Amino acid sequence: MRLKIYGKSWLDDDAIAAWIFLTPALILLGVFILWPIIYLFYLSFTAGNFTAAGVRWVGARNYLRLILTSDFWQVIGNTIYFTLATVIPSLIIPLGLAVLLNRSLALRGLLRTAYFIPSITSLVAAGLGFRWLFQTDGPVNNLLNSFGVNPIPWLGSTTWAMPVLILLSIWKQLGFNLVVFLAGLQSIPINRYEAAQLDGANEWQQFWHITLPSLRPTLVFATVTTAIFTLRSFEQIYVVTGGGPLNSTNLLVYYIYEQAFAQFDFGYAAAAATVLLAITLVLVYLQLRVWGEE
């Protein structure tokens, strides 16, 4: 049976059934994703707050403020530094561990589980743990003191506070990327390595010419997901440093939070959030582009 309008068939029974099943999901996507994005974009062109005074249209003034505000550019610099310093080790370390754990090793299952535990640990709990470890009289400084190194004010230093957050983020992301790389390694046909061994290729040549090219889609996926995880970092900043000292660990998401819920400048916060959304969409586009080429 086909549904006809003006003598033309435009929906068959299968299409109608598909739309019936898709409609609840599409409604949820529209209410909880599409509409908030549209409203965010609208707010970025307004000023005011959710009081009796309401909001007023100010055009592109909030975006101009972003360009002219030195704190915003400092936050962008912090975010770039934090992202690069987190993403690169979060790919290299799990990849190396995955190559090792993909072999027949004693306690391989136990090691895989141990490395994955950080991924299921609450980021707030992990942040509190790192804050305790790196406080001035904490275990890390006590260990350094036993080697004759003077205590370092990790969380009170504009130099050392960011590396603590980077270390926490790398530790948190390690297990997830390890599982992703293990899945990618196990999808590589073993006969490729056997053929390379017959041709006299050593382990490094096999890794460079077989493993890495075969893992290209996996690497793209891990890079994008890790970058997005890093860009939306909030809990570790909120728990460990609060954006300080002297704004040195303030990242874009935490900056948006401060402007919206501490300063109640929702229009300006929405403009900053729109910038973050644009960066995220670019990353997703690059991921889809590379996967499309594959």
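Residue numbers count from 1 along this sequence. Heavy atoms only: backbone and side chains are in, while hydrogens, waters and symmetry mates are out. Bear in mind that the values here come from a model prediction, so they are computed numbers and not experimental data.
- Under the 3.5 Å distance criterion, the side-chain polar atoms of Asp265 are left unmatched by any main-chain donor or acceptor of Gln259.
- In this structure, the side chain of Gln206 engages the main chain of Ala201 through a donor-acceptor pair within 3.5 Å.
- Taken from OG1 in Thr83 to CD1 in Ile166, the straight-line distance is 9.0 Å, to the nearest 0.5 Å.
- Between Leu101 and Tyr115, some side-chain heavy-atom pair lies under the 4.5 Å cut-off.
- To the nearest 0.5 Å, the span separating CG on Leu95 from CG on Leu212 amounts to 6.5 Å.
- Other residues, nucleotides and ligands contribute only 12 or fewer heavy atoms inside 6.0 Å of the CD atom of Glu203.
- Between the CG atom of Leu251 and the OG1 atom of Thr230 there is a distance of 9.5 Å, given to the nearest 0.5 Å.
- Connection of Tyr63 to Tyr39 is established within a shared hydrophobic cluster, with ILVMFWY side chains joined at heavy-atom distances below 4.5 Å, either directly or through further cluster members.
- Taking the side chain as every heavy atom from C-beta outward, Leu144 and Phe147 never approach each other to under 4.5 Å.
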Q. Can Tyr255 and Asn78 be said to form a side chain to side chain contact (heavy atoms under 4.5 Å, CB included), step by step?
A. CA-CA 11 Å; Tyr255 182 74; Asn78 293 342; over 6 Å; no
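- Other residues, nucleotides and ligands contribute more than 12 heavy atoms inside 6.0 Å of the CD1 atom of Ile38.
- Residue Ile170 is grouped with residue Ile228 when hydrophobic side chains (ILVMFWY) are merged at heavy-atom distances under 4.5 angstrom, including chains of intermediate members.
- Side-chain contact between Tyr268 and Leu66: present, with at least one pair of heavy atoms (C-beta onward) separated by less than 4.5 Å.
- Between Leu185 and Thr218, the closest side-chain pair of non-hydrogen atoms is not below 4.5 Å.
- Closest approach of Leu165 to Val240, counting heavy atoms only: CD2-CB, 3.8 Å.
- Checking side-chain atoms of Asn62 against main-chain N and O of Ala269 turns up no donor-acceptor pair under 3.5 Å.
- Contact check for Leu26 versus Trp19: side-chain heavy atoms found under the 4.5 Å cut-off.
- Remark: side-chain polar atoms of Thr79 are paired, donor with acceptor, to backbone N or O of Leu252 under 3.5 angstrom.
- Looking at Gln205, its side chain does come within 3.5 Å of a backbone N or O of Asn202 through a donor-acceptor pair.
- Residue Trp208 qualifies as open at atom CH2: its count of foreign heavy atoms under 6.0 Å is 12 or below.
- Here the straight-line distance linking atom CG of Leu40 with atom CG of Leu277 works out to 7.0 Å at 0.5 Å rounding.
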Q. Going through the checks in order, is the side-chain hydrogen bond (donor to acceptor under 3.5 Å, both in side chains) test met by Ser233 and Tyr254?
A. CA-CA 8 Å; Ser233 296; Tyr254 191 78; over 6 Å; no
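- Between the side chain of Ser157 and the backbone N or O of Thr159, at least one donor-acceptor pair lies under 3.5 Å.
- Under the 4.5 Å side-chain contact rule for hydrophobic residues, Leu155 and Val239 share a cluster.
- Ring geometry for Phe234 versus Tyr238: interplanar angle under 30°, hence parallel rather than tilted (30 to 60°).
- A pairwise comparison of heavy atoms in Phe266 and Ala260 identifies CE2-O, 3.3 Å as the closest pair.
- Side-chain atoms of Thr249 come within 3.5 Å of backbone N or O of Gly244 as a donor-acceptor pair.
- Closest approach of Leu231 to Val253, counting heavy atoms only: O-CG2, 3.1 Å.
- Thr225 contributes a side-chain N or O that, together with a main-chain N or O of Ala222, makes up a donor-acceptor pair within less than 3.5 Å.
- Inter-residue side-chain proximity for Trp154 and Phe130 is flagged as unmet; no heavy-atom pair is nearer than 4.5 Å.
- For the residue pair Ile117 and Thr121, the shortest heavy atom distance occurs at O-OG1, 2.9 Å.
- A 6.0 Å sphere centred on CZ of Arg65 holds more than 12 heavy atoms belonging to other residues, nucleotides or ligands.
- In the hydrophobic clustering of ILVMFWY residues, with side-chain heavy atoms under 4.5 Å counting as a link, Leu281 and Ile37 come out together.
- In this structure, Asn177 and Phe229 have side chains that are not in contact, with every pair of non-hydrogen atoms separated by 4.5 Å or more.
- Heavy-atom neighbours of Trp160 CH2 from other residues, nucleotides or ligands within 6.0 Å: at or below the threshold of 12.
- The distance from the CG atom of Asn247 to the CG atom of Asp71 is 5.0 Å, given to the nearest 0.5 Å.
- Residue Glu235 comes nearest to Leu123 through the heavy atom pair OE1-CD2, 3.5 Å, listed as atom of the first residue, atom of the second, then distance.
- Note that OG1 of Thr274 and CD1 of Ile279 are 11.0 Å apart. Values are rounded to the nearest 0.5 Å.
- One hydrophobic cluster holds both Phe32 and Ile27 under the rule that ILVMFWY side chains link at heavy-atom gaps under 4.5 Å.
- With contacts defined as side-chain heavy-atom distances shorter than 4.5 Å, the pair Ile76/Ile80 qualifies.
- Listed for the Ser119 side chain is a donor-acceptor partner under 3.5 Å among the backbone atoms of Phe176.
- The nearest pair of heavy atoms linking Pro153 to Pro151 is CD-O, 3.9 Å.
- Judged purely by atom type and a 3.5 angstrom limit, Trp57 has no side-chain atom pairing as donor or acceptor with the backbone of Phe45.
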